[in-house]
Amino acid sequence: MTDKSSTAGAASAAAVASTPRRVLYANATLATLAGDRDWGLVSDGAMLVEGEQLRWVGTMADLPADLRDSAVELRDLGGLLVTPGFIDCHTHLVYGGERSAEFELRLQGATYEEIARAGGGIRSTVAATRAASESELHALAVPRARALMAEGLTTLEVKSGYGLSLADETKCLRVARQLAELGLTVKTTYLGAHALPPEFDGRQEAYVDAVCAWLPELHQQGLVDAVDAFCERIGFTPDQTRRVFEAARALDLPVKLHAEQLSDQGGAALAAEFNALSCDHLEYLSDAGIAAMARAGTVAVLLPGAFYFLRETKLPPIQALRDAGVPIALATDHNPGSSPGLSLLLMLNMACTFFRMTPEEALRGLTTNAARALGLPDRGRLAAGQRADFCIWDAAHPRELAYWFGRNPLRQTVVGGRPRG
Ligand code: DI6
Ligand code: FE
């Protein structure tokens with residue numbers, strides 16, 4: 001190798017080895033969502049994937065010849081549709097048990113709040129989650145994640161909040177992290193302030209102290225990407241939420257909030273004060289809350305599954321959010337009490353039918369704006385430099401994804417440049 005004559009060959013071999021593999025996806029219909037409006041449709045589209053990233057995106061005709069020739073593999077998509085990979089930016093995927101008996105009670109007239117106040121609701125899931133081991137919780141969570149993956153999931157947020165003790169929150173967040181092994185990006189959110197556990201009955205302030213005290217420990221174990229709270233009459237007050245947010249700020253962790261789901265607590269404005277990544281639910285959001293979110297650049301995460309399953313009638317203020325320029329994301333809110341669904345495609349459909357979002361807004365909500373709600377600027381669009389997370393669909397136009405329900409046109413998901421098997 002020290003022989004001069006072999007140096008050039010060795011150098012170029014090293015150069016070849018250090019250039020990640022390039023794969024050209026050709027003859028595609030691309031919904032790039034690259035600009036701030038419209039689908040960013042490209043027919044006769046091409047994407048050059050280099051390693052984990054998109055290196056080039058555009059029409060076949062515009063693809064520079066040297067890039068085209070550098071690809072080691074060509075995949076002709078025969079006109080199939082490509083979108084960014086789906087991002088579920090709000091789930092409570094790790095839990096034990098189920099709550100179908102509570103569903104029956106609600107159908108007989110009991111409200112979600114009444115059931116919670118009577119000690120059912122979140123508390124019953126806390127009991128089942130505490131009783132389950134880490135491996136049992138993992139075995140329950142994997143098929144849920146796989147169901148979402150079957151409809152194009154590439155990035156998943158998972159909240160804790162059914163453990164409500166340091167040991168049980170740790171257990172749930174560890175299970176959430178393990179889901180990355182399925183071939184996903186997983187972001188974890190600490191939701192210690194979800195409900196009051198029974199051992200703290202009558203001692204809500206002391207519980208908030210505990211939630212704040214556990215955070216540095218969980219963070220030190222690398223288990224926390226963001227901090228959330230349930231700011232609600234049956235959850236935590238704005239003052240208590242502020243204390244949790246201050247604990248997050250002390251560790252430089254971003255915050256999110258379950259805000260104005262059942263009543264207007266002024267939670268959105270509070271979260272915006274902390275530059276929250278997102279405020280979620282928002283059926284009872286006020287004009288002041290919208291203005292504060294717009295100023296802070298906070299994303300509105302709407303959850304049509306919970307709206308549907310709780311048979312809500314009050315709509316989130318979509319038009320006012322649009323007018324204020326607040327980005328709107330969508331998510332499943334998968335949880336056993338208010339949204340036991342596992343279909344991302346159904347969320348697209350429901351966002352249009354219930355919330356009157358356009359199919360384009362809905363798709364942006366599960367991709368571009370969901371990425372923003374997780375603080376992930378490297379994904380959510382098809383553009384050079386973005387992560388190569390994308391879905392290939394048997395559809396002619398992206399609006400079809402919001403149109404069908406109970407039909408899954410997914411052909412293939414590519415995650416970090418690798419086709420998922
Ligand atoms: N809002 C929700 O929609 C979930 N948590 C929350 O704060 C529901 C949680 C549950 O009912 O188990
Ligand atoms: Fe939720």
Side-chain angles (χ1 to χ4, degrees), residues 88-103 105-106 110-130 140-141 144 156-164 168-169 172 176 187-197 211 226-237 240-241 244 255-263 265 267-268 271 276-285 299-312 314 316 329-342 347 350 370 373-374:
D88 197 346
C89 66
H90 179 145
T91 82
H92 310 248
L93 206 80
V94 176
Y95 59 86
E98 53 81 24
R99 307 238 291 274
S100 56
E102 182 181 311
F103 177 49
L105 285 176
R106 285 198 297 103
T111 68
Y112 181 78
E113 280 193 73
E114 282 164 4
I115 291 167
R117 287 187 196 287
I122 295 174
R123 271 195 176 190
S124 67
T125 300
V126 171
T129 304
R130 286 179 169 184
L140 290 168
R144 295 174 194 145
L156 172 68
E157 187 257 18
V158 182
K159 298 175 197 298
S160 67
Y162 291 122
L164 309 186
D168 292 301
E169 290 289 289
C172 294
K187 296 294 257 182
T188 53
T189 301
Y190 172 51
L191 178 57
H194 194 197
L196 191 66
V211 166
V227 175
D228 195 345
F230 185 30
C231 184
E232 194 52 69
R233 288 185 300 230
I234 54 167
F236 294 85
T237 66
Q240 292 165 342
T241 302
V244 174
V255 301
K256 307 169 81 70
L257 189 65
H258 280 72
E260 344 296 18
Q261 178 185 6
L262 309 169
S263 62
Q265 300 286 310
L277 285 173
S278 71
C279 292
D280 304 38
H281 286 287
L282 302 175
E283 279 81 352
Y284 290 82
L285 180 63
V299 176
V301 178
L302 304 185
L303 304 165
F307 176 90
Y308 159 74
F309 196 66
L310 295 183
R311 305 176 72 225
E312 264 290 347
K314 185 157 171 56
L330 294 176
T332 61
D333 190 20
H334 177 82
N335 74 76
S338 69
S339 190
L342 286 163
M347 295 306 108
M350 285 182 173
L374 295 178

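This one's a predicted model, so the numbers in the text were calculated from it and none came from an experiment. In each ligand, atom 1 is the first atom listed, and ligand 1 is the first ligand listed.
Side-chain contact annotation: H258 with D280, donor-acceptor N/O pair under 3.5 Å absent. There is no side-chain donor-acceptor pair under 3.5 Å between T91 and E157.
Within ligand 1, the atoms closer than 4.0 Å to a non-hydrogen atom of N335 are 3 (O), 4 (C), 8 (C), 9 (C), 10 (C), 11 (O), 12 (O), numbered from 1 in the order shown. Atoms of ligand 1 found under 4.0 Å from any heavy atom of R99, numbered from 1 in the order shown, are 10 (C), 11 (O), 12 (O). Shown in contact with H281 at under 4.0 Å from a heavy atom are these atoms of ligand 1, numbered in order with element: 1 (N), 2 (C), 3 (O). Less than 4.0 angstrom separates some heavy atom of Y112 from each of these atoms of ligand 1: 8 (C), 9 (C), 10 (C), 11 (O).
Residue contacts with ligand 1 for E232 are absent, since no atom lies close enough (heavy atoms, distance under 4.0 Å). When heavy-atom distances to ligand 1 are checked against a 4.0 Å cut-off, L303 has no atom that comes that close, whether in backbone or side chain.
Distance from atom 1 (N) of ligand 1 to its nearest protein heavy atom, with residue and atom name: Q261 OE1, 3.1 Å. Of all protein heavy atoms, the one closest to atom 5 (N) of ligand 1 is H194 NE2, 2.8 Å. Looking at atom 9 (C) of ligand 1, its nearest protein heavy atom turns out to be Y162 OH, 3.2 Å. Counting protein heavy atoms only, atom 3 (O) of ligand 1 is closest to S338 OG, 2.8 Å.
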Under the side chain to side chain contact (heavy atoms under 4.5 Å, CB included) criterion, do L191 and H92 qualify, and how do the steps go?
-> CA-CA 9 Å; L191 178 57; H92 310 248; 3.6 Å; yes
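The N, O or S atom of H90 lying closest to the Fe ion (ligand 2) is NE2.
Partner of Y112 under the side-chain contact (heavy atoms from CB on, under 4.5 Å) criterion, out of R117, R106, E312, R311: R106 alone. With H90 as reference, D333 is the one residue of D228, T189, D333 to meet the side chain to side chain donor-acceptor pair (under 3.5 Å) rule.
Atom CG of residue L342 and atom CE of residue M347 lie 9.0 Å apart, to the nearest 0.5 angstrom. Note: T111 OG1 to L262 CG = 9.0 Å, rounded to the nearest 0.5 Å.
The Fe ion (ligand 2) has an N, O or S atom of D333 under 2.8 Å away, backbone or side chain. At least one N, O or S atom of H92 sits under 2.8 Å from the Fe ion (ligand 2).
Not a single donor-acceptor pair under 3.5 Å links the side chain of S278 to the backbone N or O of A300.
Shown here are the ring pair (Phe, Tyr, Trp, His ring centres under 6.0 Å) partners of Y162, two or more places apart in sequence or in another chain: H194.
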